[in-house]
Amino acid sequence: MRILLLTLACLWSGLSLNAQSRSAQKKVIKLMGCRFEVTAIADNDTIAWQAINTGIAEIERIERLISSWDRQSQTSAINRQAGIAPVSVDQELYDLIFRAKKISKLTQGAFDISFASMDRIWRFDGSMETMPTPEQIQKARQFINWEKVLLDRQNLTVFLQEKGMKIGFGAIGKGYAANRAKQLMQNIPGVHGGLVNASGDLICWGESHQPEGWTVKVADPKDKHKVLGWLQIADMSVVTSGDYERFVQFEGKRYAHIIDPRTGYPTTGIKSVTLVCPDAELADALATSVFVLGYDAGLNLINQLNGVECLIVTDDDELLSSKHLQLNYY
Ligand code: ADP
Ligand code: MG
């Protein structure tokens with residue numbers, strides 16, 4: 001036992017010694033409308049910056065593909081042609097929509113990229129002055145239906161079956177971009193580790209700039225400058241969806257920016273969901289899904305998925321976690 005411990009100690013000091021001779025660089029930049037932090041641990045400064053710039057270029061490229069604001073994007077073309085005609089898309093966008101539909105199926109429609117027909121009704125940018133009427137909500141809600149997002153694999157087209165439908169990647173795009181940036185950075189020779197953090201949706205791999213490895217603090221939804229606890233992770237993604245960042249308020253009630261496709265209203269019951277699993281895209285999509293499903297059905301789903309864990313803070317500040325989550329407290 002003692003020998004084993006000693007060996008471990010030697011390995012450990014070797015790693016931290018090595019890590020000290022590495023270059024660790026970080027860039028903070030606004031992408032996809034949010035704050036990204038891209039970190040690389042590499043043999044030297046040049047390689048670290050090459051990795052960071054590669055990651056950023058990839059995120060910018062993906063933004064151009066999936067943005068529903070950018071009128072030039074393929075996503076905007078799909079939305080414009082809703083109820084009119086199928087639109088030819090790149091394999092990459094096709095595959096992303098295919099995976100999004102798989103998550104809709106898994107979550108029984110809680111996750112649905114066609115939620116976006118509601119963004120004409122619910123706007124979380126401060127521009128809403130009155131609560132939408134139940135009729136308006138009911139009308140817009142009819143256009144949410146992932147089964148009417150039709151994919152044609154042969155012709156590589158996407159067709160929104162009804163006029164009025166719209167898709168948006170707000171709940172999966174950042175995770176996908178973080179995954180892709182990580183993959184490209186990881187493939188660069190001389191890069192030994194890194195972190196891509198999209199405003200709390202993050203993925204890390206390999207060596208960290210700290211000898212103890214990557215640690216991720218989980219913010220308290222009551223006060224985001226406070227920390228609830230921390231996770232010790234390696235080659236892992238941690239994604240937090242919270243209602244404290246984007247919401248509207250009417251008559252003292254908060255409405256978060258996640259829409260329940262079943263009702264057309266923003267979700268209630270949960271303040272934040274932190275999802276932990278190796279894949280940032282899946283983590284992103286599932287965090288949103290748990291919000292919609294609510295804590296009982298949400299936890300139930302996560303507990304059935306291998307290698308996926310989550311932490312939920314309810315509206316009553318109760319902490320709930322999946323079976324195998326290892327959250328450390330100070
Ligand atoms: P955050 O932006 O806090 O990371 P999420 O990853 O949970 O939050 O994504 C929230 C965004 O997802 C919303 O702003 C909206 O664009 C989109 N969205 C809202 N409701 C749904 C839903 N039911 N299914 C899929 N996407 C949704
Ligand atoms: Mg999400």
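Atoms considered below: every heavy atom in the structure, side chains included; atoms not considered: hydrogens, waters and symmetry mates. Every value quoted in this text rests on a predicted model; they were computed, and no experiment measured them.
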How long is the span from the [atom1] atom in [X] to the [atom2] atom in [Y], to the nearest 0.5 Å?
| X | Y | atom1 | atom2 | answer |
| --- | --- | --- | --- | --- |
| Leu106 | Leu282 | CG | CG | 8.0 Å |
| Ile144 | Met165 | CD1 | CE | 9.5 Å |
| Lys217 | Thr240 | NZ | OG1 | 14.0 Å |

Does atom CZ of Phe159 have more than 12 heavy-atom neighbours, drawn from other residues, nucleotides or ligands, at distances under 6.0 Å?
-> yes

Would you indicate whether Gln108, at its atom CD, is surrounded by more than 12 heavy atoms from other residues, nucleotides or ligands within a distance under 6.0 Å?
-> no

Only distances under 3.5 Å count here; give the side-chain donor-acceptor pairs of residues 226-239 to other protein atoms, sequence neighbours excluded, each with its distance to 0.1 Å.
from: Gln232; atom 1: NE2; to: Glu212; atom 2: O; distance (Å): 2.6
from: Gln232; atom 1: NE2; to: Trp214; atom 2: O; distance (Å): 3.4
from: Asp235; atom 1: OD1; to: Gly206; atom 2: N; distance (Å): 3.3
from: Ser237; atom 1: OG; to: Leu202; atom 2: O; distance (Å): 2.9

side-chain contact (heavy atoms from CB on, under 4.5 Å) involving Arg180 - partner list, sequence neighbours excluded | Glu58, Arg61, Ile62, Tyr176, Gln183, Leu184

Between Asp317 and Lys271, does at least one N-O distance fall below 4.0 Å, as a salt bridge requires?
-> yes

Dump the intermediate steps for side chain to side chain contact (heavy atoms under 4.5 Å, CB included) on Lys105 and Trp146, then the final yes or no.
-> CA-CA 9 Å; Lys105 196 164 185 196; Trp146 60 276; 3.9 Å; yes

Would you check if there is a donor-acceptor pair between the side chains of Ser104 and Asp112 at a distance under 3.5 Å?
-> no

Passes side chain to side chain donor-acceptor pair (under 3.5 Å), Ser23 versus Asp45? Steps please.
-> CA-CA 5 Å; Ser23 163; Asp45 294 356; 2.6 Å; yes

Smallest separation among heavy atoms of Gly173 and Asp284, with atom names | N-OD2, 4.0 Å

For residues 29-43, tabulate all N or O donor-acceptor pairs below 3.5 Å that involve a side-chain atom, not counting sequence neighbours.
from: Arg35; atom 1: NH1; to: Glu37; atom 2: OE2; distance (Å): 3.0
from: Asp43; atom 1: OD1; to: Arg22; atom 2: NH1; distance (Å): 3.4
from: Asp43; atom 1: OD1; to: His192; atom 2: NE2; distance (Å): 2.7

